[in-house]
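To keep things clear, I will list the structure first and then write my remarks on it.
The structure presented is a predicted model; accordingly, all values stated were derived computationally and were not measured. Heavy-atom basis, side chains included; hydrogens, waters and symmetry copies ignored. In what follows, chains are A, B, ... by sequence order, proteins preceding strands, each numbered from 1.
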There are 2 protein chains.
Amino acid sequence: MNFYDNPKQNRREKILHAALKLFFKKGYFNTSVHDIRAEADVSIGLVYRYFKNKEKIAQVVYAELLQGMIDTIEQIIADNDSAHDSCRAIIAYFLEKTETFPEMTDFLFFVRHNEIMPNGTPICATKVPQIIRAMVSKGMETGEIRPMHMAVATTSIFGPTIRLIQQRLHGIIQVPLTTFTDEVWAAAWRAVKAQ
Amino acid sequence: MNFYDNPKQNRREKILHAALKLFFKKGYFNTSVHDIRAEADVSIGLVYRYFKNKEKIAQVVYAELLQGMIDTIEQIIADNDSAHDSCRAIIAYFLEKTETFPEMTDFLFFVRHNEIMPNGTPICATKVPQIIRAMVSKGMETGEIRPMHMAVATTSIFGPTIRLIQQRLHGIIQVPLTTFTDEVWAAAWRAVKAQ
DNA sequence: GTCTATACCACGATAGAC
DNA sequence: GTCTATCGTGGTATAGAC
């Protein structure tokens, strides 16, 4: 159980919640530890009792969000036996999460981790691309997906979805992304499916 | 003539050059005005003589980079008479620019403008999407592109390219993106072309 | 136009009581 | 575990000489 879906809310989780909320709203560098303290309604001393410094807060937020995404993606891949079905389910998950929990997709896809966490990320940021590549690679071997560069295949499948999310978070798109799930999936699949 | 392709380099342009270089390397918030001063080899007083504050520097950098991109895209659209050709040329331009001038695509596509420029962007950030939409819209009317939601069409065409750029800038992709131009274009076109 | 010196303050982080 | 009070630094911005 991660901090972001814990209704009990002990103080440590309240701090993480407050931090993510403010990072999303104002950005990491425009958010002071005092802001987090106030939002979480605890004292400044307590924040530093639980977390060594501000960067560490971001690292923990990041690690837990990422783990949640990895778990979901791995579960999806385990539950589906074609690349086709796995990809479709992952796209649906990304779009739906952006509507219900935009802080998550924003933080994982668009926050500049190198800038806010110069001292190495605990979990390798390339874990998700790795899992995705393995799944797509298998899809190519079985003949579902046409032979192409791995980088082109993965970005052709997920790039449109991620760009939709970016535009939605920027306010360029004003309707729920779930409206587009079927259509964006169909287009992505046309791009990569074997002839 | 914009600051970034001016070989003469008067002092104002040197400051803008230095700022963009450091924003790309360390990020806006990790770059102090003193850093910019040192990189441009001018005094701190001079920086503040030319620019009201740090945010203003970012605004000018942004406005000039964006204008350069808008000019190029408009030129491409004027030079080509099908959406097919225009899109291909724009994708080639994005990929090539990322190799020769990564600071540009990084700043325009992935910098969080709301965070570093809370006081309104001078040029509307949505100008490029507008131009793109008009061009794609025309392509739909002429029957080149299949009828679909505009947001899905544009992201299906350019999303893969933009995601490739993001991964390249993050070091996930280690070969020049121009390697993929033909392949990523072909895939994007399969996604949207009329049956 | 260009420089040096410095004011000012917000913020990250710590000390230490309870 | 939780709090209040406070320190020190780094960074934005200005003053004012040349």
Side-chain angles (χ1 to χ4, degrees), chain A residues 3 6 8-63 107 111-122, chain B residues 3 6 8-62 111-122:
Chain A
F3 76 89
N6 190 339
K8 177 162 125 288
Q9 293 257 330
N10 63 29
R11 279 164 133 88
R12 181 177 174 277
E13 284 152 357
K14 271 174 83 172
I15 293 167
L16 292 171
H17 248 113
L20 178 58
K21 176 175 176 182
L22 294 172
F23 293 165
F24 178 65
K25 184 174 165 193
K26 311 199 298 175
Y28 176 81
F29 291 103
N30 293 324
T31 299
S32 72
V33 180
H34 286 273
D35 293 336
I36 298 172
R37 178 213 76 70
E39 178 72 30
D41 194 29
V42 297
S43 69
I44 189 82
L46 196 69
V47 175
Y48 281 98
R49 167 150 193 85
Y50 282 117
F51 304 98
K52 181 167 168 288
N53 53 33
K54 185 181 162 185
E55 181 182 340
K56 189 69 195 175
I57 298 175
Q59 283 178 6
V60 173
V61 167
Y62 178 59
F107 201 92
V111 162
R112 300 173 70 93
H113 308 108
N114 294 340
E115 291 180 19
I116 76 179
M117 299 176 282
N119 305 319
T121 27
Chain B
F3 77 90
N6 190 340
K8 176 163 126 287
Q9 293 256 329
N10 63 31
R11 282 165 130 85
R12 182 176 173 279
E13 285 153 355
K14 272 173 84 171
I15 293 167
L16 292 170
H17 248 114
L20 177 57
K21 177 175 176 182
L22 294 173
F23 293 165
F24 178 65
K25 185 175 164 192
K26 311 198 297 173
Y28 176 81
F29 291 102
N30 294 323
T31 299
S32 72
V33 179
H34 284 274
D35 293 337
I36 297 171
R37 179 213 75 71
E39 179 71 30
D41 195 29
V42 297
S43 68
I44 188 86
L46 196 68
V47 175
Y48 280 98
R49 168 153 192 83
Y50 282 118
F51 304 98
K52 180 168 169 286
N53 53 34
K54 185 180 162 186
E55 180 182 341
K56 188 68 194 176
I57 298 176
Q59 283 179 6
V60 173
V61 167
Y62 178 59
V111 163
R112 300 173 70 94
H113 307 109
N114 294 340
E115 291 181 19
I116 76 179
M117 300 175 282
N119 305 320
T121 27

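In this structure, A:Asn30 and A:Asp35 approach most closely via the heavy-atom pair O-OD2, 3.8 Å.
Nucleic acid contact class of A:Phe51 (heavy atoms, under 4.0 Å, all strands): none.
Note that NZ of A:Lys56 is 10.5 Å distant from CE of A:Met117, once rounded to the nearest 0.5 Å. In this structure, the separation between NZ on B:Lys25 and OG1 on B:Thr31 is 9.0 Å, given to the nearest 0.5 Å. Annotation: the span from A:Lys26 atom NZ to A:Ser32 atom OG amounts to 6.0 Å, rounded to 0.5 Å.
Using a 4.0 Å cut-off, no side-chain N or O of A:Arg37 falls inside it from OP1 or OP2 of C:dA13.
In the set D:dC3, D:dG1, C:dC3, D:dG1 carries the atom at the smallest distance from any side-chain atom of A:Arg49.
The CZ atom of B:Arg12 sits 17 Å away from the C1' atom of C:dT2 (whole-angstrom rounding).
In terms of modelled atom types and a separation under 3.5 Å, the side chain of B:Glu13 and the main chain of B:Asn6 share no donor-acceptor contact. Side-chain N or O atoms of A:Glu55 include one that pairs as donor or acceptor with a backbone N or O of A:Asn119 at under 3.5 Å.
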task: Starting at the 5' end of nucleotides 11-18 of chain D, put B wherever the base has a protein heavy atom under 4.0 Å, S where only the sugar-phosphate does, and a dash everywhere else.
output: SBBB----
